[in-house]
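This report concerns only the one structure given below.
Every heavy atom of this structure was used, including side-chain atoms; hydrogens, water molecules and symmetry mates were not.
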Amino acid sequence: MSHPLASEPRPAVLAPETVFDWLDETAALRADAGLTRTLRSRPAEDPVLDLAGNDYLGLTRHPVVTRAAADAALRWGGGATGSRLVTGTTALHTELERELAEFCGAEAALVFSSGYTANLAALTALTDPDTLIVSDAYNHASLIDGCRLSRADVHRAPHADPAAVAEALAGRSRRRALVVTDSVFSVDGDAAPLPALSEAARAHGAALLVDDAHGLGVLGPGGTGALTAAGLAGRPDTVATMTLSKSLGSQGGAVVGPRRVIRHLTETARTFIFDTGLAPAAAGAALAALRLLRAEPARAERAREVARTLARQLTAAGLHACEPDAAVVSVRAPGPEAAVAWAADCRRAGLAVGCFRPPSVPDGISRLRLTARGDLTDGQIADAVRTIAGLAPAGGYMAGRTATGG
C-alpha cells in the first residue's frame with residue numbers, strides 16, 4: 001500500500017538566496033497597512049522633551065541612581081557572570097529583593113533580567129495542564145506569551161469584567177485556576193478593578209496574578225503599588241510581577257508574593273534558572289531608586305497629578321484624551337499612518353511621544369501615548385499640550401471642537 005501522502009506534490013527546493021523572500025512580501029504588507037517599525041538611536045544629551053519613555057518618576061538620570069549604577073559596575077563588574085543559581089546573585093540582588101518585598105508588603109521577592117521574563121516565569125511555573133487561566137483581553141504581550149507557553153487551559157475574558165471572570169471560574173473543569181491581569185493597562189492607562197477580581201478569584205478558589213509594571217511607584221501610598229492601593233498586598237493567594245525599568249529608572253523585573261511561591265519559582269522557573277542574572281549596575285540603580293522613593297514618597301502623587309493635568313488640558317484643547325488612573329495618558333489618532341505622522345511632527349517640534357498602533361493596541365485604535373513624568377514642570381506640560389494640539393491631524397479632534405476647544 002502506498003503512503004497516503006505519496007501522491008501529494010513535494011514543495012520545490014528553494015535556492016539559498018530565495019529562502020527569505022517571504023519576509024519581503026510580509027514587509028510590503030505591513031508598509032501598506034502603515035505598520036512599518038524602525039529603530040531610532042538617541043544621543044546621550046537629547047534636547048527633545050521625553051514623554052515617550054516610561055521614566056514615571058524621573059529617576060533614570062537622578063545622580064544618586066546613576067552613581068549607584070556606576071559604583072556597582074566598578075565593584076561587581078559589567079555583568080552578573082552567570083545565572084542566578086550559579087554565580088549571578090550578588091549581595092545587591094539579595095538586598096534589592098529584601099527591600100522590594102518589604103516595600104510592596106509581600107513576604108518575598110525574586111529579581112529577573114526583565115519584566116518580560118518575570119511574567120513568563122510566573123505564568124509557566126504557577127500553572128500546568130490542570131489549570132485554567134482567566135486572562136484579561138487587554139493584557140500585555142508578555143502575559144499573553146506566558147499564557148501560550150503555560151500548557152494551561154486559557155480563557156480570554158472581556159476587559160475589566162469581574163463578572164465574566166467569575167463566570168469562567170464557575171464553569172471550569174480544571175482543578176486549579178489563576179486570574180491574570182495588568183494593574184494598569186499600558187495603552188489607555190486605565191486601572192483593573194482589583195478588589196472585585198480578587199473577590200471573584202477567592203469565591204472560586206483561584207489565585208490572582210497582577211502585573212504591576214505601571215502601578216509600582218505611581219499607585220498606592222508613596223508608590224507602593226496597585227496591590228497596596230487595593231488592600232490586597234500580602235495576601236496568601238495573590239502574586240505581583242513588575243518591572244524595574246519604569247518608576248525605578250533601571251532595568252530588570254521581579255515577582256513578589258508568598259515565600260513559598262518565590263521558592264517554587266527559584267527552583268522551577270526556566271527564565272530564572274537558565275537566564276543570566278540581572279547586571280549588578282542595574283540592580284544597584286534599582287535599589288538606589290527604591291530608596292529614593294521611600295525617602296520622597298510625594299513623587300508618586302506628583303506623577304498622578306501630571307497625568308491628570310495633561311489629560312485635562314488635552315481634552316480642553318478638543319482632543320480625545322483618556323482619563324488616567326495612573327501615569328499613562330493616551331490620545332486617539334484617526335488611524336495608524338496619521339498616528340505615525342503626528343508623532344514624527346511632534347518630535348521635529350522637540351517633543352517625543354509614544355505611538356501605539358495595531359497589533360500593539362488590542363482594540364485596533366491607534367493612539368499617541370504620553371508618559372506623565374513626575375519631574376515635569378507646569379511650563380513643560382503646557383508646552384507639550386500646545387505642541388500636540390497644534391500638530392493634530394485632520395480627524396484628531398472631537399466632533400465640533402478645534403485646537404482651542406471652540
Side-chain angles (χ1 to χ4, degrees), residues 39-48 50 52-104 106 108-118 121 213 216-218 222-225 241-256 262 265-266 269 271-297 299-300 303 352 371 373-375:
L39 295 174
R40 180 190 295 109
S41 296
R42 60 179 174 87
E45 301 300 330
D46 195 343
V48 172
D50 181 18
N54 292 313
D55 186 16
Y56 291 135
L57 304 182
L59 295 180
T60 296
R61 289 179 175 270
H62 193 289
V64 171
V65 175
T66 55
R67 172 47 57 188
D71 288 347
L74 289 170
R75 183 177 184 188
W76 299 97
T81 76
S83 72
R84 290 286 310 276
L85 290 171
V86 184
T87 59
T89 297
T90 69
L92 281 175
H93 293 84
T94 304
E95 249 183 302
L96 176 58
E97 286 166 346
R98 183 177 65 252
E99 294 194 25
L100 195 58
E102 180 183 313
F103 184 70
C104 296
L110 193 63
V111 166
F112 289 76
S113 61
S114 71
Y116 213 110
T117 56
L216 178 70
V218 178
T224 46
T241 61
M242 56 196 59
T243 177
L244 311 178
S245 62
K246 294 180 172 60
S247 288
L248 298 187
S250 181
Q251 192 169 353
V255 180
V256 302
I262 300 306
L265 294 178
T266 303
T271 57
F272 181 80
I273 296 171
F274 298 107
D275 190 21
T276 298
L278 182 67
L287 182 59
L290 180 61
R291 289 171 176 171
L292 267 174
L293 179 56
R294 298 185 78 163
E296 303 172 5
R299 287 180 179 271
T371 299
R373 290 198 347 245
D375 62 339

Side-chain heavy atoms of [X] within contact of [Y], under 4.5 Å:
{"X": "Leu100", "Y": "Leu287", "value": "no"}
{"X": "Leu59", "Y": "Val64", "value": "no"}
{"X": "Lys246", "Y": "Val218", "value": "no"}

Sidechain-backbone polar pair: [X] side chain, [Y] backbone, donor-acceptor under 3.5 Å:
{"X": "Thr89", "Y": "Arg84", "value": "yes"}
{"X": "His93", "Y": "Leu278", "value": "yes"}
{"X": "Ser83", "Y": "Thr276", "value": "no"}
{"X": "Thr371", "Y": "Arg373", "value": "no"}
{"X": "Ser245", "Y": "Gln251", "value": "no"}
{"X": "Thr243", "Y": "Gly252", "value": "yes"}
{"X": "Ser247", "Y": "Leu216", "value": "yes"}

Separation of [Y] [atom2] from [X] [atom1] (nearest 0.5 Å):
{"X": "Phe103", "Y": "Leu248", "atom1": "CZ", "atom2": "CG", "value": "8.0 Å"}
{"X": "Leu110", "Y": "Glu97", "atom1": "CG", "atom2": "CD", "value": "5.0 Å"}
{"X": "Ser114", "Y": "Asp275", "atom1": "OG", "atom2": "CG", "value": "7.5 Å"}
{"X": "Asp55", "Y": "Asp375", "atom1": "CG", "atom2": "CG", "value": "6.5 Å"}
{"X": "Glu102", "Y": "Arg294", "atom1": "CD", "atom2": "CZ", "value": "4.5 Å"}
{"X": "Phe272", "Y": "Thr117", "atom1": "CZ", "atom2": "OG1", "value": "10.0 Å"}

**OP:** Would you please test Leu293 and Leu57 for side-chain contact (heavy atoms from CB on, under 4.5 Å) and show each step?
**Re:** CA-CA 9 Å; Leu293 179 56; Leu57 304 182; 3.8 Å; yes

Original post:
Under 4.0 Å between a Lys/Arg side-chain N and an Asp/Glu carboxylate O for Arg291 and Glu296?
Top reply: no

Original post:
Salt-bridged, Asp71 to Arg67, with N to O below 4.0 Å?
Top reply: yes

For [X] against [Y], the heavy-atom pair lying closest together:
{"X": "Ala118", "Y": "Gly253", "result": "CB-C, 4.4 Å"}
{"X": "Ala352", "Y": "Val48", "result": "N-CG1, 3.2 Å"}
{"X": "Ala72", "Y": "Ala281", "result": "CB-CA, 3.9 Å"}
{"X": "Gly223", "Y": "Ala300", "result": "N-CB, 3.5 Å"}
{"X": "Ala282", "Y": "Ser250", "result": "O-OG, 2.7 Å"}
{"X": "Leu290", "Y": "Leu96", "result": "CD2-CD1, 4.5 Å"}

**OP:** Determine, step by step, whether Val256 and Met242 satisfy the side-chain contact (heavy atoms from CB on, under 4.5 Å) criterion, reporting the C-alpha distance in whole Å, the side-chain angles of both residues, the deciding distance to 0.1 Å, and the verdict.
**Re:** CA-CA 8 Å; Val256 302; Met242 56 196 59; 3.7 Å; yes

